[in-house]
Amino acid sequence: MGTRTSLDTQSALYAMRHSAAHVMAAAVCRLYGDVKLDIGPPTEAGFYYDFDLSDRLTPEDFARIEEEMAKIVEENAPFERIEITRAEATTMLEEMGQPYKVERLADIPEGETITLYRCGDFTDLCRGPHVESTGNVKSYKLLSVAGSYFRGRETNPMLQRIYGTACENDKQLRVQLKRMEEAKKRDHRRIGRDLDLFSIQDSVGGGLVHWHPRGGRIRALIEEYWKREHLANGYSLVYTPHVGQAQLWKTSGHLELYKEMMYAPMEFDDTEYFIKPMNCPFHIQIYKSHKRSYRELPIRYAELGAVYRYEKAGVLHGLFRVRGFTQDDAHIFCTPETVEDEIREVARFANRMWKAFGFEEITAYLATKPAKATGDDSLWTQATDSLEKALQAEGIAYEVDPGGGAFYGPKIDLKVRDCIGREWQMSTVQFDFNLPERFDLAYVGSDGETHRPYMVHRALLGSLERFFGVLIEHHAGAFPLWLAPEQVRVSPLTDDENTYAAEVAAQLEEDFRVTVDTRSERIGAKIRAAREMKVPYQLIVGPKEVEAGTVAVRGLHDGDLGTMTLADFASKLRDEMET
RNA sequence: GCCAGCUUAGCUCAGUUGGUCAGAGCAGGUGAUUUGUAAUCACCAGGUCGUCGGUUCGAAUCCGACAGCUGGCUCCA
């Protein structure tokens with residue numbers, strides 16, 4: 001999930017959360033000796049503060065820290081802004097025994113005003129702003145402790161981070177905590193188990209996903225849609241091997257730059273083979289399988305390619321971070337003349353695809369040339385311009401991330417917002433100036449000369465596994481009708497209606513995914529069961545429906561929809577599938 | 001990988017300070033019931049309490065190592 005904070009730095013909530021972080025830090029300083037402070041910013045959901053202290057913090061310590069915070073709030077000490085020179089600040093922080101702060105101070109650019117904030121006995125190097133006094137910090141709660149490397153680098157010391165949240169008032173705090181509860185209920189790992197969608201099993205290994213029949217059904221629907229759309233948009237579907245010789249990965253540069261992410265080689269016939277972490281070299285091999293003319297370009301190869309990457313055990317997380325996944329990968333080879341159109345088409349395609357899956361809000365990040373980069377400036381300029389123009393032409397809101405591109409080319413990352421407001425980085429469109437060189441890609445132009453094609457990597461859904469996880473959380477397991485693994489469940493009132501129920505199911509089966517619940521349970525229990533499995537429609541058939549040849553329809557979202565004929569019901573479903 | 005926490009039946013959890021503590025509900029199986037819009041009843045089966053060591057007369061309960069998971073850090077699809 002994106003951690004970029006969208007909280008306005010000038011907002012009152014920002015200042016309050018920031019102040020809450022200070023109050024917490026002050027409390028920790030009072031309760032523990034020898035506290036070395038790092039930083040404590042507000043976040044979208046609350047705030048945190050990083051400390052280095054000899055005591056090990058656990059959630060059991062929260063109560064006393066919160067108590068001490070309450071005292072500090074009670075004291076209502078004003079936040080005092082102090083401007084200070086760099087030299088004074090350095091001396092002071094050194095005297096205070098705050099090595100991390102000294103390092104942070106060094107980060108502040110020359111010429112910028114250096115400020116301290118003091119409240120009561122607690123002084124911190126800080127840009128502010130803060131609330132007037134500690135009494136303004138009202139409703140807060142400490143949430144979790146976590147380790148966190150200083151500056152996020154694992155060669156640095158591990159600090160202890162306390163996460164908390166703070167709101168304008170108790171009511172807001174309750175809303176905030178409720179929201180966190182809701183997010184927990186949507187957790188795809190829980191829903192995945194409850195709805196029998198997928199599993200990850202110790203006996204097989206971490207980060208290796210099993211798609212169960214219900215999840216598999218959804219995946220098949222996603223893939224069908226994906227393939228249909230790609231074929232309709234000028235892509236060719238290709239299929240490539242799961243392993244390739246070491247030489248291939250040497251040429252591609254992966255063994256040089258990406259080796260720690262690749263699984264150990266297997267050897268046969270005196271040759272090393274590696275499981276693929278990416279599909280690109282294979283697509284390139286297809287491109288290179290014969291001499292290309294400019295008349296063939298653009299060439300667009302798409303593949304749902306399974307790749308394997310070694311991820312550290314600690315980072316694995318449900319479907320979001322796995323070790324084996326299926327990229328919805330494509331590589332576009334084109335000439336400089338058409339590259340802009342190509343990018344535009346990709347942006348348009350991405351937009352359409354996200355809407356189809358129920359995601360409305362898309363934002364983009366345009367990452368430009370980093371300090372260390374391959375390829376001529378003119379290449380970078382044209383590529384970056386084409387990315388930017390595509391975003392503008394498609395009306396996609398974007399931010400520029402200067403220097404954020406890969407060394408081999410600029411890129412656009414698309415983030416989609418889910419229905420509880422979280423942003424997920426999903427699609428990526430990346431220029432690659434590196435691989436065409438390494439593999440010596442070429443085409444013959446209209447001038448009869450050999451030219452180097454542009455190469456663009458692009459994934460829309462990202463990976464099917466991760467996308468499925470986001471899809472589950474976005475819909476909280478209640479998938480739209482076209483994706484529901486079980487669309488209709490027929491529930492006979494008593495065993496006497498079983499035959500009629502089977503007939504109803506048989507008539508629907510041709511067009512829809514239908515089951516019949518013939519257990520001799522009460523109808524209330526059958527309704528509950530269908531709801532728990534998030535079945536979009538349930539047809540209740542009792543003597544009245546048998547008599548009239550109708551069905552009583554119950555919608556997952558709308559409840560009792562009354563009685564109708566099967567034909568009417570079927571057309572209702574078709575209408576819903578259209579939209 | 002690192003920091004912290006957690007790990008009792010498929011799931012959610014009880015198990016006071018180590019001494020009939022191996023339990024409950026749901027799910028599953030069997031039988032009864034034939035039910036009109038969010039859980040019918042009864043019975044049965046299920047765990048060497050994550051694994052391996054240790055302390056003890058005795059360990060789910062204490063200690064250690066390891067594994068897995070959770071929350072983070074880093075990275076990314």
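All values derive from a computational prediction rather than experimental measurement. Letters go in sequence order (proteins before strands), and every chain restarts at 1.
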Base of B:U34 paired with side chain of A:D495 (donor-acceptor, under 3.5 Å): yes
Selection residues 515-526 of chain A - residue pairs positive for side chain to side chain donor-acceptor pair (under 3.5 Å), sequence neighbours left out: A:E486-A:T515, A:D517-A:R519
Ion pair A:E181/A:K185, N-O distance below 4.0 Å: no
Please enumerate all protein N or O atoms sitting under 3.5 Å from an N or O of nucleotides 37-40 of chain B, with distances to 0.1 Å.
| residue | atom | partner | partner atom | Å |
| --- | --- | --- | --- | --- |
| B:U37 | O2' | A:R554 | NH2 | 3.4 |
| B:U37 | O2 | A:R554 | NE | 2.5 |
| B:A38 | N6 | A:R531 | NE | 3.1 |
| B:A38 | N6 | A:R531 | NH2 | 2.6 |
| B:A38 | N1 | A:R531 | NE | 3.4 |
| B:A39 | N9 | A:R528 | NE | 3.4 |
| B:A39 | N7 | A:R528 | NE | 3.3 |
| B:A39 | N7 | A:R528 | NH1 | 2.8 |
| B:A39 | N7 | A:R528 | NH2 | 3.2 |
| B:A39 | N6 | A:R528 | NH2 | 2.4 |
| B:A39 | N1 | A:R528 | NH2 | 3.1 |
| B:U40 | OP1 | A:E521 | OE1 | 2.9 |
| B:U40 | O4' | A:R522 | NE | 3.1 |
| B:U40 | O4' | A:R522 | NH1 | 3.4 |

Secondary-structure stems for RNA chain B, with pairs counted as Watson-Crick or G-U when both distances are under 3.5 Å and runs at least 3 long: B:1-7 with B:67-73, B:10-13 with B:23-26, B:28-32 with B:40-44, B:50-54 with B:62-66
Gap between atoms CZ and C1', on A:R519 and B:C26 respectively (whole Å): 13 Å
Salt bridge present between A:E345 and A:R348 (N-O < 4.0 angstrom): yes
side-chain N/O A:R189 vs B:G71 OP1/OP2, d < 4.0 Å: yes
hbond_proxy A:Y149 side chain to B:G1 base (donor-acceptor, 3.5 Å cutoff): yes
Aromatic A:F47 / basic A:R17 pairing, under 6.0 angstrom, 45° off normal: no
Syn or anti conformation of B:G46, syn meaning chi within 90° of 0: syn
Short side-chain N/O contact from A:H317 to OP1 or OP2 of B:G71, under 4.0 Å: yes
Phosphate-side-chain proximity, A:Y163 and B:C73, N/O vs OP1/OP2 below 4.0 Å: yes
